Amino acid sequence: MRKNIVAGNWKMNKNLQEGVALASELKDKVQNPNCDVIICTPFIHLASVAELLKGSKVYVGAEDCSEHDSGAFTGEVSASMVRSTGAEYCIIGHSERRQYHKEGYEMLRTKVLKALENGLKPIFCVGEVKEEREQGIQNKVVEAQIKESLFNLTPEQFSQVVVAYEPVWAIGTGLTATPDQAEEIHAFIRSLIAGKYGKEMAENTSILYGGSCKPSNAKELFAKADIDGGLIGGAALKADDFCGIINAF
Ligand code: PEP
């Protein structure tokens, strides 16, 4: 059966010392979670945080990786470099990467493959912007994002992927999709996976919700049949808030 997961996305927050302090606090506070717990940190934290959390209940991931293997790509960090820190996960296709760095279907397809080839589990983000939701085309948007960047994978590769549905209009805005709105699209995503890889794969794939998830709304969201946890931005920056969400399971 699929795993329940609460994953934090620190984005571009916290210097090294602050990040290590937060990871250390989480290490102490997350003792017996009823779900898998992951923190995705800026590249500069990965090695220290992965070492600190070795043997703990908190897994580590990056927020992105390069589509290239190595070479003259100043400022980029490859999937193999990420893996060498001890990190096990990698967010790919976050809406902020799609929007500010113009990452499209093809680049994201390559990044997913690079992550998998290097032993990282992708947390692949999809979601519509406000105008698309207003036009009622959210399913079409999400379907294209998934088909174009994930459905080239073999079943074995796909089994390593975690999907995160993050309506862009809910990220960092304080607006949250209602549990019913989120459930509707999570169920749709699962049906797409079933159509491509079969029912068993669909049942085994974790689909996380992201977008202003906090301790006060997590329980209601996670109670839905097809919502297997959350990808958490703002609320992942304070140990008590993050633990409040973990404890919703
Ligand atoms: C995110 O960026 O992945 C996210 C869900 O952010 P927030 O929780 O702050 O809306």
Side-chain angles (χ1 to χ4, degrees), residues 4-14 18-19 22 26 35-43 45-46 58-65 87 89-103 108 111-112 115 120-130 132-133 138 141-142 145-146 149 161-179 181-183 185-186 189 206-222 224 226-249:
N4 288 325
I5 299 172
V6 172
N9 171 16
W10 288 5
K11 310 195 186 192
M12 196 173 73
N13 292 296
K14 309 230 173 257
E18 291 164 346
L22 174 55
L26 289 171
C35 61
D36 279 9
V37 177
I38 306 165
I39 53 172
C40 297
T41 79
F43 294 127
H45 299 83
L46 288 175
V58 184
Y59 299 97
V60 178
E63 299 173 13
D64 182 37
C65 68
Y89 288 85
C90 187
I91 296 175
I92 294 176
H94 191 279
S95 62
E96 287 148 20
R97 300 293 316 175
R98 291 180 192 263
Q99 187 183 350
Y100 306 138
H101 301 272
K102 306 283 171 264
E103 298 192 359
L108 296 175
K111 287 190 176 198
V112 168
L120 294 170
K121 297 183 189 75
I123 302 174
F124 187 75
C125 301
V126 297
E128 80 285 358
V129 299
K130 187 164 161 272
E132 292 163 339
R133 166 71 57 170
Q138 62 273 13
V141 170
V142 165
Q145 290 169 336
I146 289 181
S149 302
V161 175
V162 174
V163 177
Y165 168 62
E166 301 205 299
V168 181
W169 47 271
I171 295 181
T173 58
L175 296 172
T176 316
T178 65
Q181 277 175 326
E183 170 60 19
I185 202 147
H186 280 233
I189 292 169
S206 300
I207 307 176
L208 314 184
Y209 168 79
S212 300
C213 187
K214 36 190 183 272
S216 58
N217 59 22
K219 215 178 183 104
E220 223 189 333
L221 285 158
F222 299 172
K224 292 292 182 184
D226 291 292
I227 301 181
D228 309 313
L231 180 56
I232 318 299
L237 295 172
K238 286 199 183 126
D240 286 342
D241 288 347
F242 194 54
C243 289
I245 295 172
I246 294 166
N247 292 336
F249 276 116

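We count ligands from 1, going down the list as the structure has it; atoms in each ligand are counted the same way. Treat the numbers as computed from the prediction; the structure is a model and nothing was measured.
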Can you list the atoms of ligand 1 that are under 4.0 Å from a heavy atom of [X]?
{"X": "G172", "result": "7 (P), 9 (O), 10 (O)"}
{"X": "G211", "result": "5 (C), 10 (O)"}
{"X": "G234", "result": "7 (P), 8 (O), 9 (O)"}
{"X": "H94", "result": "1 (C), 2 (O), 3 (O)"}

**Study point:** Any donor-acceptor N or O pair under 3.5 Å, side chains Y165, E128
**Key:** yes
Practice item. Could you tell me whether the side chains of E132 and W169 share a donor-acceptor contact shorter than 3.5 Å? Key: no
**Study point:** Identity and separation of the nearest protein heavy atom to atom 8 (O) of ligand 1
**Key:** G233 N, 2.9 Å
Review point. Tell me: protein heavy atom nearest atom 3 (O) of ligand 1, and distance?
Key: E166 OE2, 2.7 Å
Looking only at heavy atoms, which two atoms of [X] and [Y] are closest? And how far apart?
{"X": "I245", "Y": "A218", "value": "CG2-CB, 4.0 Å"}
{"X": "C243", "Y": "L26", "value": "SG-CD2, 4.1 Å"}
{"X": "I5", "Y": "C35", "value": "N-CB, 4.2 Å"}

Strictly under 4.0 Å, does any heavy atom of [X] approach an atom of ligand 1?
{"X": "A170", "answer": "yes"}
{"X": "A235", "answer": "no"}
{"X": "K11", "answer": "yes"}

Review point. Counting both backbone and side chain atoms, is some N or O of I232 under 3.5 Å from an N or O of ligand 1?
Key: no
Practice item. Report yes if some N/O of S212 lies less than 3.5 Å from some N/O of ligand 1; otherwise report no. Key: yes
Revision key, fill the gap. Quick look: N9 vs ligand 1, heavy-atom contacts under 4.0 Å, and the answer is side chain
Check your understanding: Just wondering, do Q138 and P167 contact through their side chains at under 4.5 Å, heavy atoms?
Key -> no
**Study point:** R98 side chain near V168 side chain, heavy-atom distance below 4.5 Å
**Key:** no
Review point. V162 and side chain to side chain contact (heavy atoms under 4.5 Å, CB included): which partner among I207, D36, L208, I38?
Key: L208
